[in-house]
Structures are given as C-alpha cells and as structure tokens.
Amino acid sequence: MRISIFILLSIASVSVCHGAIPVDTVPRQLNEVVVKGEKPQVKGHDGIMSVDLPSIVKDKPVNNILEALGYLPGVINNNGLIGLAGTSDVSIIINGELANMPLPNLYQLLYTTPIDRLKTVEVMYTAPAKYHVNGAVINVVLKTPTPLDGLQGQIRAGYNQGHYGSFGGGLSATYTVKDWTFDLNYGLSRSKTWNHEETYSNHLFEEQRTMIKDDMRRISESWSNTIYAAATYKRLRLIYNGQITSSAKGWSLSNGTLGNFTNNYNYDGPINYHNIALRYSAPFGLTIGGDYTYYGEDRSQSLFQGNDYILWELNKQDINRGHFYVDQQHQFGKWQLNYGVEYQHANDCSSQVTNRTEDFEGFSGRTKEDVADAYIGLQRSFEWGLSFNVSAKGEYYRNSFQNNWNFMPQLGATYYKTPKSIFQLNLSTTRVYPSYWELHNGTSHINPYSIVLGNTELQPYLSYAGQLSYILKQKYVATLYMQYADKATVQLPYQSPNEMSLIYQTINMNYKRVVGLNLNIPFHIGYIWNATAIANIFNQREKADRFHDISFDNKKWIFYCALNSSFKLSQNSPVSLSVDFTYVSPSIQGLADLSRMWKVDAGVKWQFGRKRCCELDLQANDIFNRWSPTMTINHAGQNYRMKVHDMTRNLKLTFIWKFNGFKPKNDSSIDTSRFGTGNNL
C-alpha cells in the first residue's frame with residue numbers, strides 16, 4: 001500500500017492578548033512515505049483458526065472450493081480426499097451447518113462450487129458440541145448475497161484426461177430479492193476411471209507355500225447428476241441435496257496363477273441419494289432443525305473364468321434415515337451458554353442373493369440404528385487474551401448387534417495477547433461408526449481366491465486427540481499433536497491357514513496412536529513468487545492382539561513434506577503459474593508397510609474478458625505418476641505384496657464464465673462414508 005503525504009504549513013499570524021505577532025509563511029513538503037502492509041492469513045479465537053483462504057489461492061489454478069481446501073494449513077489433499085494433520089478424520093460443514101450427506105456427494109458438490117463465493121475458512125481441531133459434529137471440522141464460510149446483487153451466476157465446463165477421458169460441467173447461481181435468497185448448484189459429469197494392481201500372495205497352507213500371482217485392471221464409468229438447491233426466508237431455510245448416478249458399470253480383468261478372470265459389475269438402475277433439510281433460527285437463540293435421507297443401490301456381479309460362468313451375486317441396499325435436533329443459546333454478559341439434544345434413526349434394508357448357495361446362502365434383513373445425545377457447552381472471552389469453548393456430550397448408540405453409552409468432552413482455547421503470538425489448545429473425543437454394509441454378514445468375490453467379508457461384530461471406536469498450536473505473525477503455524485484411537489478399524493488382506501483363500505475384512509485393532517509435529521511456513525519474494533513450505537513428522541503405532549488368528553505391533557516414524565509455489569510476471573498479470581511438490585516417506589497401515597510416494601503438480605491460470613469474467617485453467621497433476629504405493633506384508637507367516645500402478649497422472653482443462661459479478665453459493669456438507677455396497681472392496 002502506497003500513501004503520498006504532502007503537508008503545507010502556512011502560518012500568517014497568531015493573535016495573543018498583548019497583540020499580533022507576525023510569522024513568516026514557510027511552505028514545506030515532506031518526502032513520500034511508503035507504508036507496506038500484509039493481510040493476515042491466519043487468525044485465532046476460541047480455539048478456532050480463521051484462514052483467509054481466498055488470498056492464499058488467488059494465483060493458483062483452482063476454481064472450486066474442494067481444490068482450494070488442499071492449501072489450508074495442516075490440510076492434506078490426497079487425490080481429492082481431504083485430511084487434517086493431527087486428526088484421524090475431519091468433517092466439512094458450510095456456514096456452521098452440517099447436512100448428513102455421503103462423502104463422495106460432498107466432494108462432488110464442493111467441486112462444483114466456485115471459489116469466488118468463499119469468504120473465509122475456519123479450522124477447528126475441536127468443534128463445539130453445538131455444531132453436532134465430533135472431533136475436527138473445516139467450516140466453509142461463504143459470502144452472503146444481498147438484494148443489490150440480483151441474479152449472479154457462473155458456468156463451468158471441463159475435460160480431464162487420465163488413462164481415459166472424463167468431462168463435465170456445472171451451473172452455480174444465487175438470487176436475492178427482499179427477504180428471500182435462492183441458491184442453485186448443479187453439476188453433470190461423465191467419468192471413466194482405470195486402476196492397475198499387481199499382487200503376489202505367497203500363501204502358507206498345510207505347511208507348504210504356494211505363490212499366487214495376479215495382475216488386475218479395474219475400469220468403471222458412470223454419469224453423475226449433483227443438485228444443491230436452497231431457499232431462505234428470513235430465519236427459515238429449506239435445503240435439498242441430491243445425487244443421481246446413472247449408467248454405472250465396472251469391470252475387473254485379471255490374469256495370473258489361477259487363470260484369467262472377468263468380473264462384471266452392473267447397476268440395475270440409478271444410484272439414488274436424496275436429502276432434504278429444514279432449519280429455523282429464532283431471534284432468542286433457539287434453533288430447530290431436521291433432515292431426511294434416502295439412499296438406494298441395486299448392484300449385480302457376474303464372475304467368469306475365461307468363458308465359463310462361475311457365480312452371480314445381487315447386492316441391494318435401501319436406507320432411510322431421519323435426523324432431528326434442538327439447540328438453545330443464552331448470553332449472560334460475556335458468558336455464552338449452549339445446550340441441546342439430537343436424535344437420529346436409520347432403517348437399513350439390505351440383502352444379498354447368490355447362486356453359490358453351497359458356499360454362502362446370502363442374507364436379507366432389516367437393521368435399525370438409533371443415536372441419541374444431549375450436550376451442554378460454555379464459551380467466554382477475557383480482555384487479557386484468553387478465549388475458550390468447552391462442552392460435554394453424552395451419547396447413546398444402539399443397533400441390531402450392540403448398544404453402548406459414550407461420554408465425549410471437548411475443549412478449545414486460544415491465548416491471543418498480540419497478533420505476533422497466538423497459542424491454541426484443543427482436546428477432543430470422536431466416535432467413528434462403520435459403514436452400514438460392513439455390519440452385514442455379506443460376501444463379495446473378487447475372484448475364487450480373494451473375497452471380501454462383512455463383520456457383524458465390528459464396533460464403532462473412540463478417537464481421542466489433542467493439538468497445541470502456535471501461530472506466529474498470523475501466518476506461520478506450528479502444531480504439536482497426538483491422537484489415540486481405541487479399537488480403531490483396519491481392512492487388510494489375510495491369508496487363511498485353513499484354505500487357499502485371501503480374505504479382506506474390516507476388524508477392530510487394539511489401538512492406533514500418532515504423535516507428531518506439523519509446520520506451515522508461507523513466504524514470498526515480492527509479487528513474483530509466493531510459496532508455502534509444509535513439513536509433518538510423526539510416529540505412528542498400530543497394535544492388534546487378535547487380527548484373525550495372529551497379532552501385530554507395527555510402528556514407524558513418517559515424514560511428509562510439500563512445497564506449493566505460484567509465480568506472476570507482474571502484480572496485475574492475468575496469467576499465473578503454479579508448481580507443487582509433495583513427498584511422503586515409507587509408512588504403515590496395520591501390519592502392512594507402504595512404500596514412499598511423491599508427486600509434482602503444475603498449472604496455469606489465465607483470467608481474461610471484461611472485468612476478467614472468464615477464466616481458463618490448465619492443470620497437470622502427478623506429472624511423473626509416482627503417487628501410488630507398494631504394500632508389503634511379511635509377518636507371522638503372512639507373505640503378501642501389492643504394487644499399485646494407478647493412473648494418478650492427469651491433465652485437466654477448465655473454462656469458467658462468470659456473469660453479473662458472480663460470487664457463487666456453496667452446498668452443505670456430505671458424509672457418505674457409511675453408504676454403499678462397494679465402498680469396502
């Protein structure tokens with residue numbers, strides 16, 4: 001920021017009680033004064049980090065919120081999967097509101113939501129109970145349109161070339177008139193994916209080892225329609241989130257020691273996800289809300305060996321889920337009191353039919369799930385720099401197989417005396433639930449040797465986490481963290497000692513423990529080079545006394561680092577270039593060891609047209625195709641190796657046109673991790 005100050009001193013006369021004293025008029029001009037300021041990237045309050053994400057990604061070739069989230073301090077974007085260093089899981093909410101949506105739906109909606117609408121992002125390692133989310137949360141805060149904005153919108157079209165080509169487009173629009181606000185976000189995409197795995201299973205059976213090799217290629221394709229629509233009238237808000245996936249099908253083609261196999265997966269109708277939510281906020285601090293979710297999937301599988309028909313399976317899943325909550329907030333001076341109740345009921349009607357009744361008879365049944373909780377929380381800010389929020393929640397969980405009570409306390413605190421030094425402490429407890437399909441006694445065949453089993457004994461697990469963060473000059477962030485997941489789950493291949501069979505099944509371990517330090521260091525050289533260096537070093541330990549019929553205790557120091565850079569030739573240049581590098585050292589998963597991975601991404605952003613209303617982005621991701629691991633298991637008689645050759649390298653071209661100075665609206669958050677019959681394959 002440049003400020004020119006010119007001061008002219010002209011003193012003609014001064015009158016005093018004894019008379020007039022003449023003074024010469026002397027004009028003086030001071031030299032130009034230059035004041036340079038830098039907008040803070042990170043602020044802290046109540047245990048929450050507020051991040052100016054739009055400024056961080058303004059020169060990046062990103063055009064949607066999902067891609068932008070990967071540049072938050074502590075956030076890791078692993079091929080579109082968002083993670084937060086120091087936590088086992090992170091939820092995404094919009095404007096402080098959670099919608100119970102599946103994770104792929106959430107990501108699809110975030111992908112179709114333009115970055116221009118983003119106001120700021122709040123990173124909460126410990127979300128207060130009033131958000132109805134356990135553990136870490138990323139709260140996407142959007143700009144609110146006004147009646148003066150009228151109709152605004154953005155149209156997007158893109159093409160992605162990986163092993164196969166995929167393409168799609170979308171429309172985002174907002175319209176405000178008087179007390180009404182309308183939002184629409186629609187995306188249509190056609191995707192086709194390709195995966196390649198080589199496996200070497202040195203199977204010990206009847207005191208003799210047999211090497212079973214398999215080379216498998218997986219192909220899937222589908223059309224996806226994603227819709228987000230919302231209408232707001234004063235304090236009442238109605239939201240619809242939906243995704244309809246049609247023409248979905250897939251193949252797995254394998255050849256190896258046991259022969260050549262073909263697996264055909266067909267969906268005998270669209271995959272339907274529908275969620276409708278209603279929320280009312282009263283002026284006296286009362287909030288009432290609820291939503292209804294339906295998920296339906298009907299998938300058939302046919303397995304062939306050469307031209308010979310081996311088996312047929314039909315998997316069906318119909319889920320109806322209702323959710324209701326009441327929250328109350330009171331302000332007593334500088335103290336804020338929050339309390340509320342929440343109830344969720346799910347009815348899962350799933351079935352599996354197979355023609356191999358001699359091995360497995362299938363299943364058909366109805367599973368009911370109830371979750372009820374009540375919470376109370378306090379929030380306070382002190383003039384001497386301390387602010388905090390603390391809450392406690394009691395939860396009751398019941399399904400057809402088990403029931404239990406849980407107590408989950410949360411604490412978030414910030415000490416903020418000067419902008420130069422901010423300290424934050426967060427303590428949280430999270431309950432993690434298995435997917436609905438995993439809780440059934442189902443079986444899915446990859447081939448006659450490899451199968452995926454359900455687990456009716458699978459239990460939800462508790463994850464405890466703590467983070468201590470130091471924010472220097474509102475831009476440099478260091479976070480020391482620890483997490484402990486009691487009875488954490490893992491799914492890994494297991495060579496059965498009783499038969500020639502490789503079993504994939506999700507089970508509970510004793511625990512998973514992680515202790516580490518994450519550093520986020522932004523720097524720049526003028527307007528030419530802006531960069532952020534990230535370093536995360538942590539020790540991970542996973543232990544199980546009973547993994548099928550063996551035990552393991554696996555631990556390792558792991559190092560993750562990244563350097564994100566953007567370049568501009570001039571301060572107002574319409575063209576910017578970005579180059580990003582990411583590396584992760586050898587790591588672990590259960591009793592398995594994973595090899596190192598690294599990748600280089602690059603992109604160009606070009607803004608043009610009247611008031612730069614048009615944008616063209618070209619991105620090359622994982623240019624050297626090295627972001628795929630090799631998994632090795634060599635423990636307690638288990639001898640297995642899988643080399644992943646996925647096509648993570650891709651080239652993406654996106655065109656955007658904004659009309660009426662659009663600053664589009666985002667969707668709500670979706671968590672679909674518990675839905676679907678094929679998520680666990």
Side-chain angles (χ1 to χ4, degrees), residues 40-52 72-75 84-91 93 96 98 120-139 141 327 329-340 373 375-394 407-431 462-484 514-520 536 538:
Q41 291 188 2
V42 183
K43 298 179 181 179
H45 61 91
D46 303 326
I48 299 172
M49 290 186 192
S50 295
V51 184
D52 184 16
L72 283 170
V75 167
L84 182 62
T87 67
S88 58
D89 195 13
V90 61
S91 301
I93 62 178
L98 172 70
T120 187
V121 176
E122 295 178 338
V123 178
M124 308 180 213
Y125 282 98
T126 302
K130 64 182 179 180
Y131 290 109
H132 298 288
V133 184
N134 296 326
V137 164
I138 295 174
N139 182 26
V141 182
D327 300 314
Q329 178 177 301
H330 299 284
Q331 196 73 37
F332 301 103
K334 296 182 179 180
W335 289 90
Q336 185 182 101
L337 173 66
N338 305 284
Y339 54 89
D373 64 64
Y375 75 88
I376 185 170
L378 284 173
Q379 187 172 319
R380 175 70 156 91
S381 295
F382 296 92
E383 295 180 355
W384 48 274
L386 177 67
S387 62
F388 73 90
N389 69 77
V390 60
S391 60
K393 180 168 71 173
F407 175 72
M408 290 176 284
Q410 314 277 358
L411 169 66
T414 300
Y415 180 73
Y416 180 5
K417 193 62 177 177
T418 69
K420 291 184 178 181
S421 295
I422 303 174
F423 294 89
Q424 287 194 336
L425 174 65
N426 291 274
L427 302 172
S428 63
T429 308
T430 308
R431 169 66 66 176
L462 281 173
S463 179
Y464 307 94
Q467 300 86 19
L468 178 61
S469 299
Y470 175 62
I471 305 171
L472 177 64
K473 297 182 179 179
Q474 296 184 313
K475 60 188 298 187
Y476 309 104
V477 182
T479 302
L480 180 66
Y481 60 87
M482 177 179 179
Q483 64 183 82
Y484 181 88
V514 180
V515 179
L517 175 65
N518 187 82
L519 302 175
N520 193 87
N536 184 16
F538 57 98

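Every value quoted in this text rests on a predicted model; they were computed, and no experiment measured them. Worth knowing before you read on, the calculation uses all heavy atoms, side chains too, and leaves out hydrogens, waters and symmetry mates.
- Taking Asp327 as the reference, His132, Tyr375 meet the side chain to side chain donor-acceptor pair (under 3.5 Å) condition, with sequence neighbours excluded.
- To the nearest 0.5 Å, atoms CE (Met49) and CD (Gln424) are separated by 5.0 Å.
- When the salt bridge (charged side-chain N to carboxylate O under 4.0 Å, His left out) test is applied to Lys334, the partners found at least two apart in sequence or on another chain are Glu383.
- Here the CG-NZ distance, from Asp373 to Lys393, works out to 4.5 Å after rounding to the nearest 0.5 Å.
- The shortest side-chain heavy-atom distance between Trp384 and Tyr415 falls under the 4.5 Å cut-off.
- The side chain to side chain contact (heavy atoms under 4.5 Å, CB included) check on Asn389 picks up Asp46, Pro128, Gln379, with sequence neighbours excluded.
- A 4.5 Å side-chain heavy-atom check between Tyr131 and Ile93 finds at least one atom pair inside the cut-off.
- At a threshold of 4.5 Å between non-hydrogen side-chain atoms, the residues Val123 and Pro73 do not count as touching.
- For the pair Ser50 and Thr120, the tightest heavy-atom approach, listed with the atom from each and the gap, is C-OG1, 4.3 Å.
- Scored by the ring-ring contact (aromatic ring centres under 6.0 Å, His included) test, Tyr339 finds His330 as partners (sequence neighbours excluded).
- With sequence neighbours excluded, the residues satisfying ring-ring contact (aromatic ring centres under 6.0 Å, His included) with Tyr470 are Phe423.
- With sequence neighbours excluded, the residues forming a side chain to side chain contact (heavy atoms under 4.5 Å, CB included) with Ser391 are Ala129, Gln410, listed by chain and number.
- Every residue meeting the side chain to side chain contact (heavy atoms under 4.5 Å, CB included) condition with Val514, not counting sequence neighbours, appears here in chain and number order: Tyr481, Gln483, Lys512, Phe538, Gln540.
- For the pair Asn338/Ile376, no side-chain contact is recorded, criterion being any heavy-atom separation below 4.5 Å from C-beta on.
- Partners of Asn520 according to the side chain to side chain donor-acceptor pair (under 3.5 Å) rule, which considers only residues two or more places apart in sequence or in another chain, do not exist here.
- Thr479 is linked by a side chain to side chain donor-acceptor pair (under 3.5 Å) to Ser469, counting only residues two or more places apart in sequence or in another chain.
- Here the side chains of Tyr416 and Ile471 are not in contact, with every heavy-atom distance at 4.5 Å or above.
- Scored by the side chain to side chain contact (heavy atoms under 4.5 Å, CB included) test, Leu462 finds Asn406, Met408, Thr429, Arg431, Tyr464 as partners (sequence neighbours excluded).
- Interatomic distance, CG of Leu337 versus CZ of Arg380, reported as 14.0 Å (0.5 Å rounding).
- Taking Tyr484 as the reference, Tyr511 meet the ring-ring contact (aromatic ring centres under 6.0 Å, His included) condition, with sequence neighbours excluded.
- Between atom CZ of residue Phe388 and atom CG of residue Leu411 there is a gap of 8.5 Å, rounded to the nearest 0.5 Å.
- With sequence neighbours excluded, no residue forms a ring-ring contact (aromatic ring centres under 6.0 Å, His included) with Phe407.
- The two atoms that bring Val75 and Ile138 nearest to each other are CG2-CD1, 3.9 Å, heavy atoms only.
- In terms of heavy-atom proximity, Asn536 sits nearest to Leu517 at OD1-O, 3.2 Å.
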